[in-house]
Amino acid sequence: MEPLYKPEGVEERWQRTWEAEGCFRAGAGARRDETFVICVPPPNVTGALHLGHALNGSIQDVLVRWHRMRGFDTLWQPGYDHAGISTQNVVEKQLVREGTSRKELGREAFVERVWSHLEETGRTIMGQYRRLGASLDYERERFTMDDDYIEAVMRFFVHLWERGWIYRANRIVNWCPFHETAISDLEVVHEEMDDALTYAVYPFADGPLPDGVAGITVATVRPATMLADVAVAVHPDDERYRAAVGRDVLVPVVGRHVPVVADERVDPEFGTGALKITPGHDPTDFEIGRDHDLPVLTVLAPDGRLNAEAGELAGLRQEAADERVLAWLRVHGRLERRESYRHAVSTCERCHTRIEPLVSLQWWCAMEEPRQPALQALRERRVRYHPESQHQFAMRSLEEIPDWNISRQLWWGHQLPLWSCPDGHVTCVWPPPETCAECGSGVLERDPDVLDTWFSSALWPYATLGWPRETPELARYYPGDVNSTAREIIRLWENRMIWTGLELLGDVPFTDVIIHSTILAPDGRRMSKSLGTGLDPLEMIDRHGADATRYGLLKMSSTQDVRFAEGMIEEGRKLANKLWNVARLLLATEATPEARPTAVEERWMLARLDTVRAEVEARWSAFDFSPSVQALYHLTFDDFCDWYAEAIKPRLRAGDADAAATALAALERLVALLHPVLPHVTEEIWSQFHETRLVLSPWPEPDERYAADAAALTRVHEAAAIFRRSGVAVELGSEDERRIFAAVVRPERAKANGNAAAELERLRQEIARAERMLDNERFVANAKPEVVEAEREKLARYRRELDALSS
RNA sequence: GGGCGCAUAGCUCAGCGGGAGAGCGCUCGCUUCACACGCGAGAGGUCCCUGGUUCAAUCCCAGGUGCGCCCACCA
């Protein structure tokens, strides 16, 4: 064993060995009947993993390795998501760079192109998980476009159809002109943008009002949509427009007569208080138009250009059309003014193209019924989000959940299992039908739309286990236990897995959802590739090792948002190196591990190991990782290395067989406790004195035999602290205590550079403080008894120390 | 506009009713036979501000200030 632990080589060797020996397979090493199941949130097949994935993988792997050691039949399910629009976006942009387009390629060739693109990226992702040491059951890798998985998606759709929850409706949707598809509200991001607000005059059709007012001024950021205006609306209580309501005004350019209507949804404070109504291109206008029986006009085509309705402006891009309308307004004296205007604009989360609200015929899934059992499950805490604030958010989201637009006008994804005959009958079955279910026509055309990518993700926990087939895996591993993910995905994924699981299998897919922190760039900005603030986890692994990276990420996992700090990963590297070196020291004895403690420091060490075992178990049960790795760090550095190893060194050198055997037993426990966090270095150390694999070895059993001895060493700890501060050796009661003191402090070598006077002063102040509190009757009467007792003990201790120092 | 969260040492963060902590950085001293990715000793803090509750507040409550995230159809 070399003096410096070098993770490169060691880590990859163990990653290969573990996998080759089947240590990660579902059920490997199981010693009890209970199962523990996590499915990895399937990463988008397009991208490489980022630090968030690495953090999430570390969290899950700690839980999985811990349960596997405890003997659970453990399954950690890997896989990836076809990520419909994201993937299509990536490939389309490649095509643009190559000077072609998906339309030129045609649907079939395009989909083939996507598949060939996926081959490499899929391998990259699983390679990254392997480098992190993630103990996924790699042989069970699943993809949402596997044949079996497609089967599950189709069955699910047909199920919803038979339930009567699928319907088709013409509604305003978010339309992405680049991808030429509808997207859901959840796929829209809002971006602040500088824009111009155009104030245009709509003159009254039959001349000015009696008071001489010639028209109504409205404000808009998209002048081109005027062509589809069907009314002007004002607030019913707005005195300014009382006389105007019921009259007609003239729409600019097209000269259409449209009515002035009164509606409470108009904000009289904004702009001029008058709102042009364009039901075809604005969600609010759509509702107002519907309630006033106004027609719906559309001037924008799916590609973002103006359509035939726009007359001579047809075929222009919207920006160009805006300019033409503006010019018309200027020429005709209808432009009142323009002002700059900064506001939030909806954009496509994938391509950041400005979203056009568009009336469009889409398929929807009604949510009123299916959400109810999920909401109930959350209320009853049959599924629990951690932390609690996210549970509240998840419940609110289910309460407010709108119907789900599930159709996308994309080519990459699961095509809807819907066929129509020439008579317009729609057949929904799977496998594909031969004839129309209603009229028997053999001429059927499949709906070209594909499903929202989250539609298939929603089935992940059970479709990966074989559903809808009744497989043994499904029976054994459903429902699972834990799901871990980032905040932004609660509504997109977590809640949907819960309601689909309840609907199809009658049970929630997991009992706990961990919402982990977001790792920000060191400057506090969001980590993202486009900002150049992204960080590749592999870079950290190359520099410090996978164990160190896992440690650092877990340490950063506690609060909501943490700035990335490489120092925490370095801390992990030092921990691994420290552990390695203390193992070097102890393994040099070549003893057989067996706990036969003869001295107080040995019983104390075993007691400490058990205390930290209990603490770590409590932390991990509560999904609280940062304090757990902190406890393990101090256990290793302070307790194990600085105290225990130093205390027994003289005996090891003297060839004490009991001390050596006990030391290795203690080391066994230490590396077992550390294994879920630092799997590689612990496995490497374990292999130095075991034929077995630590990954499948039992987690340490509770052992309270030595708890009473923990206190004895506390006296030595304090004596050492005083000695180091003051240079004064406090008298110790027992031979044991004096021996340990000498071994750890090594007074013959440590030059006392402390200050006895300062130490005396410190003790006097502490004594005065404790006396003040104990003299306070209200404190003694109201404080918890153990707090008062602790204060008495402190006072007594300080007095003892003062006496010892003074003499 | 709505919701949530955060302000603690130079930096990144733990702690959260009774002694202000860690890692890194900094200063000083150590070629101590596991480890210089180490060992020992230190310096460094009105725990954001103002009130309130309490015998006792960094911690609980209210208000303020600053910052972050999520959500949102004000044209």
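The sequence lines fix the lettering, A, B, ..., with proteins before strands; numbering per chain opens at 1.
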For [X], check ring pair (Phe, Tyr, Trp, His ring centres under 6.0 Å) against everything at least two apart and list the hits.
X        : answer
A/His680 : A/Trp18
A/Tyr341 : A/His343
A/Tyr241 : none
A/Tyr5   : A/Trp580

Looking only at side-chain atoms of [X], point me to the closest of [options].
X        : options                : value
A/Glu571 : B/rG18, B/rG23, B/rC55 : B/rG23
A/His634 : B/rA34, B/rA22, B/rC37 : B/rA22
A/Asn577 : B/rC13, B/rC37, B/rA34 : B/rC37
A/Arg563 : B/rC13, B/rC33, B/rC39 : B/rC13

Between [N] and [M], how many Å separate the two [atom1] atoms, rounded to a whole number?
N      : M      : atom1 : result
B/rG45 : B/rA36 : P     : 33 Å
B/rA75 : B/rC67 : C1'   : 31 Å
B/rG42 : B/rU8  : P     : 27 Å
B/rG18 : B/rC60 : C1'   : 14 Å
B/rA43 : B/rA34 : P     : 31 Å
B/rU53 : B/rA41 : C1'   : 43 Å
B/rC39 : B/rU31 : C1'   : 12 Å
B/rC61 : B/rC73 : C1'   : 38 Å

Just how far, in rounded Å, is [atom2] of [N] from [atom1] of [X]?
X        : N      : atom1 : atom2 : answer
A/Asp642 : B/rA34 : CG    : C1'   : 12 Å
A/Lys649 : B/rC33 : NZ    : P     : 8 Å
A/Arg778 : B/rA57 : CZ    : P     : 13 Å
A/Tyr551 : B/rU12 : OH    : P     : 18 Å
A/Phe640 : B/rA34 : CZ    : C1'   : 12 Å
A/Leu579 : B/rG38 : CG    : P     : 14 Å
A/Ile569 : B/rC37 : CD1   : P     : 19 Å
A/Tyr644 : B/rA34 : OH    : P     : 15 Å

Would you sketch RNA chain B in dot-bracket for me? Only Watson-Crick or G-U wobble pairs with both distances under 3.5 Å count, crossing pairs as [ ], other-strand pairs as |, the rest as dots. (((((((..((((....[..)))).(((((.......))))).....(((((..]....))))))))))))....
With a 4.0 Å cut-off on heavy atoms, is A/Met1 in touch with a base, just the backbone sugar-phosphate, or nothing at all?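 A/Met1: no heavy atom of the nucleic acid under 4.0 Å.
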Quick one: label A/Asp285 by what it contacts on the DNA or RNA (base, sugar-phosphate, nothing), any heavy atom closer than 4.0 Å.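 Nothing, no nucleic acid heavy atom in range.
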Given that A/Met568 and A/Asp624 both sit by RNA chain B, which one's nearest nucleotide is further toward the 5' end?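 Going by which nucleotide is closer to the 5' end, it is A/Met568.
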Toward the 5' end of RNA chain B, by each residue's nearest nucleotide, A/Ala565 or A/Arg619: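 The answer here is A/Ala565.
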A/Asp322 side-chain N/O to A/Ala224 backbone N/O, donor-acceptor pair under 3.5 Å: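 Side chain of A/Asp322 to backbone of A/Ala224: a pair is present.
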Taking all non-hydrogen atoms of both residues, which atom of A/Thr225 and which atom of A/Lys276 are closest, and how far apart?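 Result for this residue pair: OG1-NZ, 2.9 Å.
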Within less than 4.0 Å of OP1 or OP2 of [N], is there a side-chain N or O belonging to [X]?
X        : N      : value
A/Lys574 : B/rG23 : no
A/Arg573 : B/rC37 : no
A/Lys578 : B/rC39 : yes

Strictly by salt bridge (Lys or Arg N to Asp or Glu O under 4.0 Å), give each pair with a member in residues 574-591 of chain A just once, sequence neighbours left out.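 Checked against salt bridge (Lys or Arg N to Asp or Glu O under 4.0 Å) - neighbours excluded - no pair reaches residues 574-591 of chain A.
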Output every pair passing salt bridge (Lys or Arg N to Asp or Glu O under 4.0 Å) with a member in residues 386-398 of chain A, not counting sequence neighbours, ordered by first then second residue.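 The answer is A/Arg381-A/Glu388.
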Stepwise side chain to side chain contact (heavy atoms under 4.5 Å, CB included) check, A/Glu339 with A/Tyr199: CA-CA 8 Å; A/Glu339 56 189 42; A/Tyr199 287 79; 3.2 Å; yes
With A/Glu793, which residues qualify under side chain to side chain contact (heavy atoms under 4.5 Å, CB included), at least two apart?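 Side chain to side chain contact (heavy atoms under 4.5 Å, CB included) list for A/Glu793, sorted by chain: A/Glu789.
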Per-nucleotide protein contact string for nucleotides 70-75 of chain B, where B marks a base within reach and S marks sugar-phosphate only (heavy atoms under 4.0 Å, - for neither): SSBBBB
Candidate pair A/His190 and A/Val345, rule side chain to side chain contact (heavy atoms under 4.5 Å, CB included), full reasoning: CA-CA 5 Å; A/His190 298 268; A/Val345 173; over 6 Å; no
